[in-house]
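Down below is the structure, laid out as structure tokens.
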Number of protein chains: 2
Amino acid sequence: MPPILELEAIRKNQIIEAAIMAMAEFGSANVTMADICRAAGLSKGGLAHYYKSKRELFKAVFEEFFKRIFVRCRDKMAEFDDPLEKLLSLELLYDADDQDAVIGYPILFDFMSIAVHDAEYRQIFRNWINNWIELLSQALIKGQEQGFFGKFDPDPVARSISAIYQGIATRWYLSPELHSTEWALDTLRRGVKGFLASYDNKR
Amino acid sequence: MPPILELEAIRKNQIIEAAIMAMAEFGSANVTMADICRAAGLSKGGLAHYYKSKRELFKAVFEEFFKRIFVRCRDKMAEFDDPLEKLLSLELLYDADDQDAVIGYPILFDFMSIAVHDAEYRQIFRNWINNWIELLSQALIKGQEQGFFGKFDPDPVARSISAIYQGIATRWYLSPELHSTEWALDTLRRGVKGFLASYDNKR
DNA sequence: ATATATCGACCATTCGGTCGGATTATAATT
DNA sequence: AATTATAATCCGACCGAATGGTCGATATAT
């Protein structure tokens with residue numbers, strides 16, 4: 001009988017948490033199960049009781065982590081009312097003091113490099129992106145209704161803005177000496193505003 | 001005595017070529033030396049004669065491949081005279097029929113995920129980016145001299161444009177069903193033009 | 001004869017996963 | 001209450017497979 005009713009949920013959480021840290025530290029390609037066991041304070045067999053294979057664990061880690069980042073960003077965006085401010089509100093993605101950001105990029109890079117060769121991972125990536133797109137689209141539609149933005153199909157525009165976010169992040173994270181947070185934020189503002197302005201009715 | 005004087009160069013080239021293909025196919029984390037040997041038509045010992053370790057070979061592969069892509073893009077950009085056209089000329093980066101592009105992204109993703117945990121790789125990344133920045137900066141400066149662009153420091157602006165290129169590429173490559181080449185090219189044009197327009201003297 | 005080039009068997013190590021057994025806490029039984 | 005039964009949780013030694021690198025032997029061209 002289970003000693004505590006929610007033990008499974010507790011253990012799984014503890015394992016995922018440890019795996020996130022270990023994967024971020026060593027890289028998904030280099031972490032061993034032993035690393036993760038150590039970080040989780042469990043033995044090999046103990047961990048195996050909850051996650052039957054490395055692949056299954058990795059999938060759970062990636063999905064959990066993406067969800068976490070997304071929820072944080074959604075909440076942050078909800079703090080703003082102005083549509084443009086919403087679109088520019090995800091500055092936490094370029095915050096070197098933010099643990100989720102600092103840990104998140106190693107995980108994201110690893111994830112993408114695996115996804116290249118793994119259709120199941122690509123599906124996870126697509127779903128994740130689609131969440132972002134929906135979020136950004138809502139702000140875009142609101143901006144159109146209020147007459148701030150021009151006329152366009154919100155979906156591809158949301159994808160463009162999302163891509164700009166990611167491009168900036170890549171540079172900001174991998175080469176911070178030459179891509180400061182100020183540069184990232186300035187690029188974001190000019191990029192997004194400029195992109196939207198391209199739909200304004202002037203020509 | 002070497003049977004042919006340039007044998008070493010020939011063999012190294014042959015090995016790098018094989019490694020590029022194998023790494024792109026299986027992913028850097030999964031390729032084995034045996035894979036690369038097979039692709040190169042050499043034995044383990046034969047390959048070891050030219051590259052003493054896997055790490056050394058990988059470094060050579062990444063550097064060679066980055067150089068190749070860069071040279072192609074530089075030449076392409078040189079075909080155009082108009083500064084804005086130069087900045088938008090790298091459409092080959094979103095060409096699904098271009099072998100270098102199709103093979104290049106798996107390699108780039110792998111490289112970045114390794115670079116996260118490897119200072120030497122980050123240095124290679126920085127150097128590579130700096131090449132792009134110089135290239136883009138030249139076009140920007142030319143555009144400023146000709147009065148097409150506003151007044152700004154070309155270096156950070158070049159970094160922004162370069163980041164936009166990369167952000168689009170990430171989505172285009174990993175989720176082509178939802179990010180068509182047309183979307184990529186449209187995003188590029190609007191993104192770059194809009195970004196530059198943000199420096200025009202209106203306010 | 002000599003230096004280079006190539007081969008492939010071999011070695012040491014690492015790692016993911018398994019499995020029998022120990023442990024623990026509840027449930028059932030006496 | 002004490003004892004036994006049961007089912008879950010957890011341990012860590014062990015195994016087999018894979019892999020990077022080595023090395024002595026062989027071949028080739030000067």
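So you know, we letter chains A, B, ... as the sequences are listed, proteins then strands, and number each from 1.
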With [X] via side-chain hydrogen bond (donor to acceptor under 3.5 Å, both in side chains) - residues at least two apart:
{"X": "R122(A)", "answer": "none"}
{"X": "S43(A)", "answer": "none"}
{"X": "S175(A)", "answer": "H179(A)"}

Between H49(B) and dA5(C), is there a contact of a side-chain N or O with OP1 or OP2 at under 4.0 Å?
yes
What integer distance in Å separates [X]:[atom1] from [N]:[atom2]?
{"X": "R38(B)", "N": "dC7(C)", "atom1": "CZ", "atom2": "P", "value": "14 Å"}
{"X": "L7(A)", "N": "dA8(D)", "atom1": "CG", "atom2": "C1'", "value": "9 Å"}
{"X": "E6(A)", "N": "dT9(D)", "atom1": "CD", "atom2": "P", "value": "12 Å"}
{"X": "R11(B)", "N": "dT28(D)", "atom1": "CZ", "atom2": "P", "value": "13 Å"}
{"X": "Y51(B)", "N": "dG20(D)", "atom1": "OH", "atom2": "P", "value": "17 Å"}

Across the strands shown, which category fits L47(B) at heavy-atom distances under 4.0 angstrom: base, sugar-phosphate, nothing?
nothing
Applying a 4.0 Å non-hydrogen cut-off, can you work out what Y50(B) is touching in the nucleic acid: base, sugar-phosphate, or nothing?
sugar-phosphate
Nucleic acid footprint by protein, nucleotides 9-22 of chain C - heavy-atom cut-off 4.0 Å, B for base, S for sugar-phosphate alone
------SBB-----
Can you list every ring-ring contact (aromatic ring centres under 6.0 Å, His included) pair that touches residues 144-170 of chain A, not counting sequence neighbours?
F152(A)-Y199(A)
Counterpart residues, salt bridge (charged side-chain N to carboxylate O under 4.0 Å, His left out), relative to E134(B) (two or more places apart):
none
Are F66(A) and F111(A) near enough that their ring centres are under 6.0 Å apart?
yes
